[in-house]
Amino acid sequence: MTRLPIAYLYPGMPWSKGSSRQSYLVEALAEHTQTIFLSTAPYTHNPCSVRTPSMREAGKNLLVVENALGYRMNRIGKRLGALQAKLDGRNLRRALKSRGIEEYVFWLSVPGPEWMRGVRTDRMVYDCIDPCFEPSEQSTFDAKEYKVVGQSKLVFCTASILLERIQKVHDRAFLLNNATWLEDFGLANAVNQPVPMPLQNRPRPIIGYMGSVDWRVDTETIYAAACLLPEYTF
């Protein structure tokens, strides 16, 4: 069975091997089929010019398109309205065609309908990574995400709470948890690491948290626990 290439987009992110969920996922996909990372890192060049996309190999079955959607990441391009998507689409098609790629699966990792313009969406996959982080913007977020979901053939969600939400509007939604290398968080690896300066000479054990700190974190409970356990370092 011939597998189509996957064109993966997480807007604003440059390619960096093994640095994030996005890069881990792209590398995993590349083990099964040709995968293209559409790099749309914020422009650092002249805001009045747009660089054409360029392609390079980043590993087996893995290609990176630099400046993949340059007009959308450019100040002048943002003023072109619908024309920017046409120009981006033309440039991307030319770049992919130079490698013999005309059909692909478009994998979008943000709830942004504007990123669907200029690319193939007939086989689109939506990667639902996060909820809305600002409750006041929930209705706007919902409208954008449901528009993306409505165009998608398949949806993956990183958490059960996201899956429950998407399954109400899409019948082909599945759980695809975040992942990492367990070795990076193993006890043996941690023991060999130097103690950070703010934690030196503090009582043990140390209770830590790694993740986003926003409205979802119950800071009152954490504070109460810290007060009840003064012999611990939070």
Side-chain angles (χ1 to χ4, degrees), residues 1-44 51 53-70 72-73 88 91-93 95-112 115-116 118-131 148-149 152-160 162-163 166 172-190 193 210-212:
M1 181 179 66
T2 302
R3 291 174 175 167
L4 289 175
I6 295 174
Y8 180 93
L9 175 64
Y10 185 80
M13 175 175 282
W15 170 252
S16 180
K17 181 179 174 62
S19 61
S20 63
R21 175 190 185 275
Q22 289 77 16
S23 61
Y24 286 136
L25 178 57
V26 167
E27 290 176 65
L29 292 172
E31 293 182 7
H32 302 279
T33 189
Q34 186 174 43
T35 305
I36 305 110
F37 184 89
L38 303 177
S39 178
T40 57
Y43 59 82
T44 56
R51 293 178 180 173
S54 60
M55 299 190 70
R56 62 182 177 88
E57 294 188 13
K60 183 180 179 181
N61 282 340
L62 179 55
L63 296 171
V64 174
V65 181
E66 303 287 0
N67 307 300
L69 301 171
R72 256 163 286 196
M73 301 302 293
D88 279 339
N91 288 342
L92 180 60
R93 284 193 300 274
L96 295 176
K97 195 171 182 178
S98 70
R99 295 294 184 114
I101 301 170
E102 295 190 24
E103 294 190 39
Y104 56 87
V105 174
F106 180 53
W107 190 303
L108 180 61
S109 293
V110 293
W115 297 104
M116 300 188 301
V119 298
R120 294 196 63 144
T121 57
D122 51 330
R123 301 180 182 89
M124 190 169 76
V125 173
Y126 173 50
D127 198 11
C128 180
I129 296 175
D130 292 311
V148 173
V149 171
S152 301
K153 299 297 184 184
L154 192 64
V155 180
F156 291 113
C157 302
T158 60
S160 297
L162 299 177
L163 179 63
I166 297 299
R172 296 198 68 199
F174 303 91
L175 186 65
L176 181 61
N177 291 120
N178 287 321
T180 189
W181 297 108
L182 292 178
E183 294 82 358
D184 292 344
F185 298 92
L187 180 60
N189 186 59
Q193 297 299 315
M210 187 175 72
S212 300

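Because the structure is predicted, anything quoted here is derived from the model rather than measured.
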If you measure from [atom1] on [X] to [atom2] on [Y], what distance do you get to the nearest 0.5 Å?
| X | Y | atom1 | atom2 | value |
| --- | --- | --- | --- | --- |
| L176 | R21 | CG | CZ | 5.5 Å |
| K17 | F37 | NZ | CZ | 13.0 Å |
| I101 | I36 | CD1 | CD1 | 4.0 Å |
| M55 | L92 | CE | CG | 8.5 Å |
| Y10 | S23 | OH | OG | 12.0 Å |
| S54 | N91 | OG | CG | 11.5 Å |

Shortest non-hydrogen contact from [X] toward [Y]:
| X | Y | answer |
| --- | --- | --- |
| K60 | A30 | O-CB, 3.8 Å |
| A68 | T40 | CB-CG2, 4.1 Å |
| L162 | C128 | CD1-O, 3.7 Å |
| F106 | R120 | CB-O, 3.1 Å |
| S39 | P14 | OG-CA, 3.5 Å |
| A58 | V64 | CB-CG2, 3.6 Å |

Under 4.5 Å between any side-chain heavy atoms of [X] and [Y], yes or no?
| X | Y | value |
| --- | --- | --- |
| L62 | W15 | yes |
| Q22 | I129 | yes |
| Y104 | Q34 | no |
| L25 | D127 | yes |
| L63 | R56 | no |
| M124 | S152 | yes |
| L9 | V119 | no |
| F174 | L154 | yes |

Are the side chain of [X] and the backbone of [Y] linked by a donor-acceptor contact shorter than 3.5 Å?
| X | Y | value |
| --- | --- | --- |
| T35 | T33 | yes |
| N177 | T158 | yes |
| R72 | D88 | no |

Aromatic ring pairing W107/F156, orientation class (parallel under 30°, perpendicular over 60°, tilted between): parallel

